[in-house]
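Presented below is the structure to which this report refers.
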Amino acid sequence: RVQLVESGGGSVQAGESLRLSCAISGGTYGNYYMAWFRQVPGKEREGVAAINNDRAATTYYSDSVKGRFTISKDNIDHTLWLQMNSLKPEDTAMYYCAAEEVNLGRWDDDAEYYHWGQGTQVTVSS
């Protein structure tokens with residue numbers, strides 16, 4: 001059974017940084033497409049960033065975080081990371097790690113992902 005466990009969330013001031021991590025266990029790590037999504041109450045879950053399982057580890061970002069966030073993965077520790085810099089109050093949300101073994105349609109469509117973590121809260125104050 002695949003398990004995803006996020007950590008690293010917290011409360012920061014605008015302009016500061018946080019680094020989220022997602023530990024994956026119970027599966028063949030290298031086969032997964034992995035992504036970070038976020039959600040605020042009353043709104044749909046939004047794709048933040050994703051990383052492909054190809055050799056190049058191709059990455060994808062939403063326009064709202066491009067240039068500020070960086071997604072990466074450690075194939076030895078089986079960990080997915082999200083480095084978040086220059087945080088803004090609008091980045092406040094619950095952040096979720098997601099993984100999928102088969103080819104994706106759209107990377108930012110949460111329906112494409114089967115495995116999910118429980119989430120970690122990020123709060124950015126102005």
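All values below were derived from every heavy atom in this structure, side-chain atoms included, with hydrogens, water molecules and symmetry-related copies excluded.
Taken from OG1 in Thr58 to CD1 in Ile71, the straight-line distance is 11.5 Å, to the nearest 0.5 Å. With rounding to the nearest 0.5 Å, the separation of CG in Asn53 from CD in Glu101 is 10.0 Å. Once rounded to the nearest 0.5 Å, the distance linking CG of Leu4 with CE of Met34 reads 5.5 Å. How far OH of Tyr60 is from CG of Asp108: 11.0 Å, rounded to the nearest 0.5 Å. Cys22 contributes atom SG, which lies 12.0 Å from atom NZ of Lys73 (distance to the nearest 0.5 angstrom).
Closest non-hydrogen pair, Tyr61 versus Thr70, comes out as OH-CA, 3.3 Å. Between Ser17 and Ser86 the shortest heavy-atom distance is OG-N, 4.2 Å. In terms of heavy-atom proximity, Glu100 sits nearest to Tyr114 at OE1-N, 2.9 Å. Here the shortest heavy-atom pairing between Ala35 and Leu80 reads O-CD2, 3.9 Å. Gly9 and Val122 get closest at one heavy-atom pair: CA-CG2, 4.2 Å. Taking all atoms of both residues into account, the shortest heavy-atom contact from Gly119 to Glu6 is N-OE1, 2.9 Å.
When the shell of 6.0 Å around CD of Gln13 is examined, it contains more than 12 heavy atoms from other residues, nucleotides or ligands. Counting heavy-atom neighbours within 6.0 Å of Gln118 CD, excluding the residue itself, gives a total of 12 or less.
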- Item | Verdict with supporting geometry, Tyr113 and Phe37, ring-ring contact (aromatic ring centres under 6.0 Å, His included) | CA-CA 11 Å; Tyr113 297 85; Phe37 282 77; 5.3 Å; yes
- Message: Between Asp74 and Thr79, is the side chain to side chain donor-acceptor pair (under 3.5 Å) condition met? List the steps.
- Response: CA-CA 5 Å; Asp74 186 325; Thr79 302; over 6 Å; no
- Derivation of the side-chain contact (heavy atoms from CB on, under 4.5 Å) call for Ser25 and Arg1: CA-CA 8 Å; Ser25 61; Arg1 177 173 170 269; over 6 Å; no
- Item | Residues Ser21, Ser7; criterion side chain to side chain donor-acceptor pair (under 3.5 Å); working and verdict | CA-CA 5 Å; Ser21 65; Ser7 62; 2.7 Å; yes
- Verdict with reasoning, Leu18 to Leu87, per side-chain contact (heavy atoms from CB on, under 4.5 Å): CA-CA 8 Å; Leu18 279 175; Leu87 282 161; 4.1 Å; yes
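A cation-pi arrangement is present between Arg45 and Tyr96 under the rule of less than 6.0 angstrom and at most 45 degrees off the ring axis.
Both Met84 and Ile51 belong to a single network of hydrophobic side chains, linked directly or stepwise wherever heavy atoms of I, L, V, M, F, W or Y lie under 4.5 Å apart. Linking Ile, Leu, Val, Met, Phe, Trp and Tyr whenever their side-chain heavy atoms come within less than 4.5 Å puts Val124 and Trp36 in one cluster.
Judged by distance alone, with hydrogens and angles left aside, the side-chain atoms of Tyr95 form no donor-acceptor pair with the main-chain N or O of Val48 at under 3.5 Å. A donor-acceptor pair under 3.5 Å is absent between the side-chain atoms of Arg38 and the main chain of Met94, judged by distance alone. Using modelled atom types, one side-chain atom of Glu112 and one backbone atom of Gly105 make a donor-acceptor pair closer than 3.5 Å.
Between Tyr32 and Ile24, some side-chain heavy-atom pair lies under the 4.5 Å cut-off.
Using a 4.0 Å cut-off between charged nitrogen and carboxylate oxygen, Lys88 and Asp91 do not count as a salt-bridge pair.
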